[in-house]
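Accompanying notes for the structure given below.
In the text below, chain A, chain B and the rest are named by the order of the sequence lines, each starting its count at 1.
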Amino acid sequence: MISAVKLEKFEGPLDLLLQLVELEKMNISEIALSEVTDQFLLYLNKLEGNRSEELADFLVIATKLVYLKSRTLLPYLYPEEDDGPSLADQLKLYKQYIEASKKILILWEQNRIAYGRIEPPVKPDGFVLPGNAQTTDLHRSMLALVARLRPISALPTATIDHTISVKHKIESIYNLVKSRRHLNFKDLLASAYNRTEVIISFLALLELVKDSKASVHQKDAYSDMEVRAV
Amino acid sequence: MTTLSRLETILFVASKPLSFKKIAKVLNVPSEEIGGALETLLTKYNTPESGIILVQNNDEWQMVSNPDNREAAENFLKAEVSGELTRPQLETLTVVSYCGPITKPELETLRGVNCSLILRNLMMRGLVKEHEDPTNLLPTYEVTTDYLRHLGVNNLRDLPDYDTLHAHQNITQAFEQK
Amino acid sequence: MTTLSRLETILFVASKPLSFKKIAKVLNVPSEEIGGALETLLTKYNTPESGIILVQNNDEWQMVSNPDNREAAENFLKAEVSGELTRPQLETLTVVSYCGPITKPELETLRGVNCSLILRNLMMRGLVKEHEDPTNLLPTYEVTTDYLRHLGVNNLRDLPDYDTLHAHQNITQAFEQK
């Protein structure tokens, strides 16, 4: 069912999601979103190479999708409750601004430009030192600028590694959840080769619990946790 | 001379956007009086066939030429090239136009992506400006009067579907539980 | 657009006296039409309470501020050239002081915003000067000797922490990323 259709270049996770939904010719709804979850995760895989710094943004949406999907898979496990603004609402809002941006582009390209006058510069009679431009003011202002110039571009590598791993875990837990009803936390850790991965698995599980309200049961302290696929 | 007349004069000589505060300070009259005078000037100037237009960008005001007379104006000044907007730039500008002043987290929630670089980029092009609000911990972003001039729009409210899309408080509410 | 509207626009943006001939050429309409339009503008603008008036000197025409509002105009210009610097102005002056001579694109990379208007204002105030470098296509900006003298500094190197801040790692990095 995963279509191999090539999408236009997408600018971000919401853009990708919108394109996927529109490709299926569906209106934006929770059902439509859960329908395209698999495609979304597929694109997530392709992202790793050149757009890894955007991964975190895509993961936020991916977790919401996985939650939606699991809720459609096992609706009886979810109480009927309003848990705030949904991803569908968010996407609908986003779409409104995308539509508006097309109109803005038309205005921009119309080349109707208003001009101000060019007032000939007026030279003051003598030099006046502004009250707030002493050496101490310059110094303070320069320190603030240097602090602000701290590079903002890429996420630290550690964060990227971390998000990639969380992403894999979300995927593998999601797959396990899809194929089985129950599993033990130990099973999830079976393939962990170091402590970091154990932590990551636990984080991923928490993420799922938080977002999907997947239930985790433990009989006694330190005993294995049973993860109920939700 | 009347406040109206003096206001008209300083908007004319300023040749740049003036804030409400600055106008009140230079003319040394109460703000309410300035507000009324600006309204009067708006009705006086902003008619379809006027050669001079008053642009309002939130609390900034500038006297500019009618965008429909662009060609005539460019005989006397260097033509300003609008330049292309990339898709992320366009998308961000649209949101800031309709929802400004907007904080970075709000913008990011709406667009679903980190916006630090794109905001820096738009500020460099002079299309968006940052505003440090002392009552708010986070700076807010809004479009510049230069951007409005390039769009040929007198006021943000004249943008298509402005009222619907300017649902700023709804956006904040919609996502505060995020 | 009407000739009247286009005439109003060019008189507004030109900021200098325009000859009848020049006007007719730019607007590309017969002289009689220009004559009529100028008459209409005269009645529109030259009323006692107008902030903008039209001045005719033989066959030259210019839009100027009403001389009766001289005080308001001067107040405004005085505030522009004396008085405290705004935060963006101070920051620009700071970068020019610590990193000058510097080109406008370099300055804009560091500040992250368009600096044209600010530079113009700082030059008007005699704080910064432009220097055309024949070996470089772009002019560079540096602080004036007047400014240094008033600061009581003999040399920019005497500014606090000059050596560290002049070539700070964050600054060189910002240039490289550009």
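- Heavy atoms of B:Phe12 lying under 4.5 Å from chain A belong to its backbone as well as its side chain.
- Of the two parts of B:Ala79, the backbone and the side chain both hold a non-hydrogen atom closer than 4.5 Å to a non-hydrogen atom of chain A.
- Nearest heavy-atom pair across A:Asn111 and B:Arg70 is O-CD, 2.8 Å.
- For a residue to count as touching a neighbouring chain, one of its non-hydrogen atoms must lie under 4.5 Å from one of that chain's; by this rule B:Ile53 does not touch chain A.
- Of all heavy-atom pairs between A:Glu11 and B:Pro88, the closest is OE1-CG, 3.4 Å.
- B:Tyr98 and A:Tyr97 have perpendicular rings, their planes meeting at more than 60° on a 0 to 90° scale where under 30° would count as parallel.
- How far OG of B:Ser97 is from CG of A:Leu107: 9.5 Å, rounded to the nearest 0.5 Å.
- In this structure, the separation between CZ on A:Arg112 and CG on B:Asn69 is 9.5 Å, given to the nearest 0.5 Å.
- If you measure heavy-atom distances from B:Leu77 to chain A, the contacts under 4.5 Å come from the side chain alone.
- Using a 4.5 Å cut-off between heavy atoms, B:Glu80 touches chain A through backbone and side chain atoms alike.
- A:Leu105 CG to B:Leu85 CG: the interatomic distance, rounded to the nearest 0.5 Å, is 7.0 Å.
- With chain B as the partner, the residue from A:Leu91, A:Asp15, A:Ile61 showing the most heavy-atom pairs under 4.5 Å is A:Asp15.
- Considering NZ of A:Lys103 and OG1 of B:Thr94, their distance stands at 11.0 Å, rounded to 0.5 Å.
- For chain A, no part of B:Leu11 is nearby; none of its heavy atoms comes within less than 4.5 Å.
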